[in-house]
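Index from 1, following the sequence.
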Amino acid sequence: MTDAAEPEPVLLSKHAKNLLRFLHLLPGRMSSHDSTRSTIVFFAICGLDVLNSLNLVSPQLREDIINWTYGGLVVPRETEKRCGGFMGCRAMLPQTEDAQVLECMRKYQWGHVAMTYTSIAVLVTLGDDLSRLDRKSIVDGVAEVQRPDGSFSACIDGSEDDMRFVYCAATICHMLDYWGNVNKETMFQFIMRSLRYDYGFSQELENESHGGTTFCALAALELSGQLDRLDATTVERIKRWLVFRQMDGFQGRPNKPVDTCYSFWIGAALRMLKCFELTDYAQNREYILSTQDKMIGGFAKWPQSTPDPFHTYLGLCGLAFTGEPGLSAVMPSLNISMAAYAHLNQLHQRWRSNKGLTNDLAQLKLNVGGSGDANGTAKTTSSSPLLSAQ
């Protein structure tokens, strides 16, 4: 019997098994997330990485996940809109040999910045060398969805434009070590116009401060090399707003209930500002563990709620910030493990030593070889059975 004074353990093995299951089978309750399967893979793979359990992903499954991820890559032809990036699912890739249908569906195959961010993060976490990516094509797609006010949309048509996608755009450009025609100055101005009177950042102009978008704003500034443009007084006031979000766990806005995911959003923001030590680690841990499912593993939003991959991963990251034994360190602004970040830095060094994009494109042509179409466009389909969209 556990001593009453002994802290509740984090059930590392059960959380690993919980996340691994999501790579094989999705429950019916998650059918509404079909268009964002890439994010589910992100939470599962990156969660296993933070748990030091990527060894549970067999070599064959790892290869399947990498191939499935590349299967969502959109590489536009020269005559098409600049919509490069990754799709979140394969609904726009019908299983047919009808050339007319396939050509029609190309008009709806667009990169989505959130899915592009999570897809690249998955590839990096699994140790891929990203040699199948046309970095310029992807960043051209990011630049295409930047709005005149500096914000970004998720895709080239039919999307909101707000701080969430500013963050995704910054992560893509940072991970690909290329900013192309993305205007970092107008992005900075949009972020600063979103700073509210209480010194949190809002999702859109004139909205209220929010923990998630405050993280997005600070991370976008850090990833674009502009965090030091904030003056000392502003930084101190942002710190105050963030620290005041802790009740026991963290809330996303004043007068709202605490939620497991904000242990990451607020925690990561405080980490970027180098003041996470101002928080109460024990209370934070106690709240996160109150949402732990002791039967099947995973963390939920609130106690006595159903666990899901999103809160499981962000709960683990929140615990990692406190130095929880058995968990890997997390790179706050990119939301990947420090081990994955180290691999990414090795890729950056390789790209820079190869003198940028010129050799990149030549190598990409060699990698694509005969797998493209007559226009030199890489196929966007995958033969992997993993997480079939059909």
Residue Glu286 excluded, over 12 heavy atoms near CD under 6.0 Å: no
Stepwise side chain to side chain contact (heavy atoms under 4.5 Å, CB included) test for Ile288 and Val10: CA-CA 10 Å; Ile288 295 173; Val10 179; over 6 Å; no
Polar side-chain atom of Ser151 near backbone of Arg147 as donor-acceptor pair, under 3.5 Å: no
Charged N-O contact under 4.0 Å between Lys107 and Glu103: no
Residues Thr125 and Asp49: side-chain donor-acceptor under 3.5 angstrom: no
Row check, Phe188 ring normal vs Arg229 NZ/CZ: under 6.0 Å, within 45°: yes
Partner of Tyr262 under side chain to side chain donor-acceptor pair (under 3.5 Å), chosen from His210, Gln246, Arg245: His210
Side-chain heavy atoms of Val142 within contact of Cys173, under 4.5 Å: yes
Residue pair Glu324, Arg285: steps toward the salt bridge (charged side-chain N to carboxylate O under 4.0 Å, His left out) verdict: CA-CA 9 Å; Glu324 182 70 33; Arg285 184 184 191 278; 2.8 Å; yes
His112 and Tyr117 side chains, donor-acceptor separation under 3.5 Å: no
Shared hydrophobic cluster, Met331 / Val122 (ILVMFWY, side-chain heavy atoms < 4.5 Å): yes
Under 4.5 Å side-chain linkage, directly or through intermediates, the cluster mates of Met295: Ile296
Connected via hydrophobic side-chain network under 4.5 Å: Val258 and Leu319: no
Any side-chain heavy-atom pair of Phe86 and Thr118 under 4.5 Å: no
Side-chain heavy atoms of Leu19 within contact of Thr312, under 4.5 Å: yes
With Met175, the side chain to side chain contact (heavy atoms under 4.5 Å, CB included) member among Leu344, Leu130, Leu123, Leu133: Leu344
Minimal non-hydrogen separation, Phe201 against Leu218, with atom names: CE1-CD2, 4.1 Å
Gln226 side chain to Ala220 backbone, donor-acceptor under 3.5 Å: no
Whether Phe43 and Phe310 hold their rings parallel, tilted or perpendicular, with breakpoints at 30° and 60°: perpendicular
Where at least one partner belongs to residues 111-120, residue pairs that pass salt bridge (Lys or Arg N to Asp or Glu O under 4.0 Å), sequence neighbours excluded: none
Non-hydrogen side-chain atoms of Arg253 and Glu208 separated by less than 4.5 Å: yes
Expected output: side-chain Asp129 to main-chain Leu347 donor-acceptor under 3.5 Å: no
Intermediate values then yes/no, side chain to side chain contact (heavy atoms under 4.5 Å, CB included), Trp241 and Thr214: CA-CA 10 Å; Trp241 187 87; Thr214 297; 3.7 Å; yes
Sub-6.0 Å ring centroid separation between Tyr313 and Phe264: no
For Tyr108, ring-ring contact (aromatic ring centres under 6.0 Å, His included) partners two or more places apart: none
Heavy-atom neighbours of Glu97 CD exceed 12 at 6.0 Å: no
Counterpart residues, side chain to side chain contact (heavy atoms under 4.5 Å, CB included), relative to Ala219 (two or more places apart): Tyr167, Phe215, Met272, Ser333
Ser53 side chain to Leu51 backbone, donor-acceptor under 3.5 Å: yes
Under 3.5 Å donor-acceptor, Lys301 side chain and Thr260 backbone: no
Cluster check Val243, Tyr197: I/L/V/M/F/W/Y, side chain < 4.5 angstrom: no
Reported SG-to-CG distance for the pair Cys46 and Leu48, which is rounded to 0.5 angstrom: 9.0 Å
Lys17 atom NZ, neighbour heavy-atom count above 12 within 6.0 Å: no
Value rounded to 0.5 Å, distance of CZ in Arg237 from CG in Asp231: 8.5 Å
Nearest non-hydrogen partners of Leu23 and Ile45, listed with the distance: CD1-CD1, 3.8 Å
Between Asn345 and Gln349, a side-chain donor and acceptor under 3.5 Å: no
Hydrophobic cluster membership, Met115 vs Leu126, 4.5 Å side-chain cutoff: no
Evaluation steps, side chain to side chain contact (heavy atoms under 4.5 Å, CB included), between Val74 and Cys83: CA-CA 7 Å; Val74 177; Cys83 56; 4.2 Å; yes
Donor-acceptor contact present, side-chain Ser194 to main-chain Phe190, <3.5 Å: yes
Co-members of the apolar cluster containing Leu102 [side chain, <4.5 Å]: none
Hphob cluster co-occupancy, Trp265 + Trp302, side-chain heavy atoms under 4.5 angstrom: no
Donor-acceptor contact below 3.5 Å, side chain Ser263 vs main chain Gly315: no
Under the side chain to side chain contact (heavy atoms under 4.5 Å, CB included) test, residues paired with Ala143 that sit two or more places apart: Asn181, Val182
Arg132 side chain vs Asn67 backbone, donor-acceptor pair below 3.5 Å: no
Over 12 non-hydrogen atoms of neighbours within 6.0 angstrom of CD in Gln304: no
Step-by-step side chain to side chain donor-acceptor pair (under 3.5 Å) determination, Asp308 to His311: CA-CA 6 Å; Asp308 60 75; His311 288 91; 2.9 Å; yes
Ion pair check, Arg196 and Glu204, cut-off under 4.0 Å: no
Main-chain N/O of Ala340 paired with Ser337 side-chain donor or acceptor, under 3.5 Å: yes
N/O donor-acceptor pair under 3.5 Å between Ser290 side chain and Tyr287 backbone: yes
Sub-4.5 Å side-chain heavy-atom contact between Ile238 and Leu230: yes
Pairwise side-chain contact, Leu289 with Phe299, heavy-atom cut-off 4.5 Å (strictly under): yes
Ile138 and Val75, any side-chain heavy atoms less than 4.5 Å apart: no
Check: Glu8 and Gln292 side chains under 4.5 Å, non-hydrogen atoms: yes
Chi angles and distances behind the side chain to side chain contact (heavy atoms under 4.5 Å, CB included) call for Asp162, Thr213: CA-CA 9 Å; Asp162 57 54; Thr213 47; over 6 Å; no
